[in-house]
Amino acid sequence: MSTTSNTSPTGITKKEWNKASHGTDLIQVMRDAVSANQISEILQDMLHADIVTKGGNTRPDYRTRERALTLVMSYTLGTPVQRQEQVNYNMDMNDLNPAELVEKLSESPAMIRKLEEMLAEAKTKAALDI
């Protein structure tokens, strides 16, 4: 006979979770349910995680270790700035001669990539419309 539990593996009851998600401070509920020591122990386990192969051999579980290390580093050292190049360019094709267009494109590899994506999409759409 199976019984249903009112608590999750973290120790938060369904009633507490519902109350927290409806206005109460969710972070405080989670802090009360999971201690810093528990989090530390789980991360330590993840950093030393092993996997058992079909043959019964044990090897390091690099995916789990990498995720734990990334999490630890992001909270201790911070995450690197994610850089994205955005191209916002307004051109009037009627006033722009081909030499100027080539010059503008040569200044922006991101713009070239975007135009290539747009051309590929337009060619695919044109092929479907035939």
Smallest heavy-atom separation, Leu71 atom then Ser74 atom, equals O-OG, 2.8 Å

Say whether Ile39 and Tyr75 are linked into one hydrophobic cluster, either directly or through other cluster members, by side-chain heavy-atom distances under 4.5 angstrom.
-> yes

From Glu66 CD over to Met46 CE, what is the distance, rounded to the nearest 0.5 angstrom?
-> 10.0 Å

Short side-chain to backbone donor-acceptor contact, Ser40 and Ala36, under 3.5 Å | no

Take Thr58 and Ile51, measure what side-chain contact (heavy atoms from CB on, under 4.5 Å) needs, and give me the verdict at the end.
-> CA-CA 6 Å; Thr58 303; Ile51 213 167; over 6 Å; no

From Glu107 atom CD to Ile112 atom CD1, the distance as rounded to the nearest 0.5 Å = 10.0 Å

Atom CZ in Arg67, atom CG in Leu43: separation rounded to 0.5 Å?
-> 13.5 Å

Any donor-acceptor pair under 3.5 Å from Thr53 side chain to Asn57 backbone | yes

Short side-chain to backbone donor-acceptor contact, Ser106 and Glu103, under 3.5 Å | yes

State whether Asp50 and Arg65 are salt-bridged, where the test is any N-O pair (Lys NZ or Arg NE/NH1/NH2 against Asp/Glu carboxylate O) under 4.0 Å.
-> yes

Does one hydrophobic cluster hold both Leu47 and Ile42, with members joined at side-chain heavy-atom distances below 4.5 Å?
-> no

Do Val72 and Leu77 share a hydrophobic cluster (ILVMFWY, side-chain heavy atoms under 4.5 Å, transitive)?
-> no

